[in-house]
Structures are given as structure tokens and as C-alpha cells.
Amino acid sequence: MGCSCASEPADDRQRRVLVLALTLNAIMFVVGLVGGIFAQSIGLVADSLDMLADTLAYAIALYAIGRSLLFKAQAARRTGIFLVFLGLGVFVDAGRRALFGAAPESLVMLIIAGISLGVNSLVLYLLTAYQKDEVHLRATWLCTRADVVANVAVIASAVVLRVSGWRFIDPLVGAAIGAYIVKEAWEILRNARAARSEAGALPVLE
């Protein structure tokens, strides 16, 4: 029997990709959070929370499929707002860890961040087709791109930690991840506002 992928409705393809992405990120959130707590790494914890945010973004995007442009814009806006608070929370906790934290377990960081990088690279590849699509799908692509950057940063910090033993690299990377999450959230909110304007819910700002 031949493959029917070419004739598969666009909404069904989106659902299939988003369900896979949601499942993988939910698993890696749990793995990353447990590993981050065990390794005492705020960078790894921040990375796992970023994947939790992605999981919620995928769930919102799934719910938005087949709905109006305004609904999709509002879904993207909710994702952006959540990411703002998440990024700020990570940034604050990184400061706390810098003052009171211990040196993390770099090997655990390397293993878990390496696995997360592989998972998120796969998801980013699957979502690449939607990076210029409707606003709710662009939001998922931006979230996943942020995850890949965060994974690379955690791996780099683990290498520095193993080589030099400088424990402050971990909260520094954690703070950088928090700041990057806020940056991605701002971009999502900007796209959501443009989509809401297109839907007639807001005046277009020059």
C-alpha cells in the first residue's frame, strides 16, 4: 500500500508533529528536572523548565489548530506571557545559586544536556516547515530554537566546569538562558500582536 502522506490534510500533519514534539519534550522535562536537581545545576533546571514551556506551547498550538486567526494569536500571546515569567524566574534563581549554590555535577550535566540537544534538534527539524507559518506554529518553532541554544549553553558550561572547576559558570549560563527565554517571549508577543492586528482585534501600529 502506498504512502498517503502527500494527501494528508495540513491540520492532521500539524497535529502529528505537535503530538510527537509534546511527548518528547514532556519526557525530557522530567529527565532534565530530576537530573538538574541531582546535579545541583541551575543551568540544567532552567533548560528543563524551558522544555516544560515548550510542552505547554505545543499543547496550546494543538488546541488552536482549525480555529480562527484571532484565537491562534491569543494562544501565541499566552505562550509569550508564560515564557516572560518563566525566564524572569530562572534569572532570579540563577542569582540565588551564584550566591549560595555548590559546584554542580558536570558529567550529569553533559549527559542530560546532550540527550536533550538530540531530542530538540529533531523537534526543531520537524517544525522547520512551520517557522514562517501561522503565528501559533511560529511560536512553537521559536520556543524549540531557544531550547537548542539552551542545550548547547549547558553543554559548554559543563565542559568549562570539568576543565576548570569554576562553579560560577553554571549560574551564569542559567541567567543567560533566562534572558534568552525572555527575548524569545518578546518575539512571540510581537508576532502575536501583529496577528491580532491582522485579525482586526487591534489597530496596526506603525
Side-chain angles (χ1 to χ4, degrees), residues 20-61 76 79-98 101 104-128 131 138-162 166-189 191:
L20 177 60
L22 187 155
T23 303
L24 290 174
N25 270 264
I27 293 171
M28 291 312 303
F29 157 66
V30 175
V31 172
L33 183 62
V34 172
I37 293 172
F38 174 78
Q40 300 184 61
S41 168
I42 180 57
L44 208 52
V45 170
D47 194 17
S48 72
L49 291 176
D50 196 14
M51 285 185 281
L52 171 62
D54 284 5
T55 302
L56 296 176
Y58 301 142
I60 291 171
T79 300
I81 291 172
F82 178 80
L83 285 179
V84 168
F85 285 104
L86 177 63
L88 291 176
V90 168
F91 193 85
V92 170
D93 195 48
R96 182 186 66 81
R97 299 272 184 127
E105 294 289 338
S106 57
L107 182 59
V108 176
M109 293 170 63
L110 275 172
I111 292 172
I112 295 180
I115 296 172
S116 297
L117 178 60
V119 170
N120 284 315
S121 296
L122 171 62
V123 174
L124 186 66
Y125 171 76
L126 294 173
L127 292 173
T128 296
Q131 63 176 302
R138 288 203 303 273
T140 63
W141 185 83
L142 288 169
C143 288
T144 308
R145 185 181 68 178
D147 266 2
V148 171
V149 172
N151 296 152
V152 172
V154 172
I155 290 171
S157 69
V159 171
V160 170
L161 186 61
R162 284 189 73 82
W166 189 51
R167 77 170 184 86
F168 292 102
I169 186 64
D170 181 59
L172 183 63
V173 167
I177 292 173
Y180 190 79
I181 291 173
V182 173
K183 172 188 171 295
E184 294 293 279
W186 180 256
E187 188 170 351
I188 289 170
L189 289 171
N191 289 337

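None of these values were measured; they are calculated from a predicted model.
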**Item:** Side-chain touch Trp166/Leu161, heavy atoms, less than 4.5 angstrom
**Value:** no

**Message:** Quick check: closest heavy atoms across Val182 and Val84, and the distance to 0.1 Å?
**Reply:** CG2-O, 3.9 Å

**Message:** Measuring from atom CG of Leu117 to atom CD1 of Ile155, what distance do you get when rounded to the nearest 0.5 angstrom?
**Reply:** 4.5 Å

**Request:** Evaluate side chain to side chain contact (heavy atoms under 4.5 Å, CB included) for Val92 paired with Leu88, printing each intermediate quantity in order.
**Result:** CA-CA 6 Å; Val92 170; Leu88 291 176; 5.6 Å; no

**Complete:** Across all chains, not counting sequence neighbours, the side-chain hydrogen bond (donor to acceptor under 3.5 Å, both in side chains) partners of Ser157 are none

**Asked** For Ala61 and Thr140, which heavy atoms make the closest approach, and how far apart are they?
**Response** CB-CG2, 3.7 Å

**Request:** For residues Leu110 and Arg162, report the shortest heavy-atom separation together with the two atoms involved.
**Result:** CD1-CD, 3.6 Å

**Item:** Between CD1 on residue Ile81 and CG on residue Leu86, distance to nearest 0.5 Å
**Value:** 13.5 Å

**Asked** What are the two closest non-hydrogen atoms of Cys143 and Leu83, and how far apart are they?
**Response** SG-CD1, 3.5 Å

Under 3.5 Å, sequence neighbours excluded: what are the donor-acceptor pairs made by side chains of residues 21-40?
unit_1, atom_1, unit_2, atom_2, d
Thr23, OG1, Val19, O, 2.8
Asn25, ND2, Ala21, O, 3.1

**Prompt:** Between CG of Leu126 and OG1 of Thr144, what distance do you get to the nearest 0.5 Å?
**Reply:** 9.5 Å

**Message:** For a quick test of reading the model, state the closest non-hydrogen atom pair linking Ala46 to Gly174 and the distance between them.
**Reply:** CB-O, 4.4 Å

**Item:** Of all pairs that satisfy salt bridge (charged side-chain N to carboxylate O under 4.0 Å, His left out), the ones with a partner from residues 139-161, not counting sequence neighbours
**Value:** Arg145-Glu184, Arg145-Glu187

**Message:** Under the rule for side-chain hydrogen bond (donor to acceptor under 3.5 Å, both in side chains), what residues qualify as partners of Asn151, not counting sequence neighbours?
**Reply:** Asp47, Asn120

**Request:** Please list, chain by chain and in numerical order, all residues satisfying side-chain hydrogen bond (donor to acceptor under 3.5 Å, both in side chains) with Thr79, sequence neighbours excluded.
**Result:** none

**Request:** Tell me, please, which residues at least two apart from Asp170 pass side-chain hydrogen bond (donor to acceptor under 3.5 Å, both in side chains).
**Result:** Ser41

**Request:** Take Val154 and Ile112 through the test side chain to side chain contact (heavy atoms under 4.5 Å, CB included) and record every step on the way to the result.
**Result:** CA-CA 9 Å; Val154 172; Ile112 295 180; over 6 Å; no

**Prompt:** Side-chain contact, heavy-atom cut-off 4.5 Å: Leu127 with Tyr58?
**Reply:** yes

**Item:** Where Gly80 and Ala185 come nearest, the two heavy atoms and their spacing
**Value:** O-CB, 3.3 Å

**Item:** Phe82 atom CZ, over 12 foreign heavy atoms within 6.0 Å
**Value:** yes

**Asked** What's the spacing between Ile42 CD1 and Leu172 CG if we round to 0.5 Å?
**Response** 12.5 Å

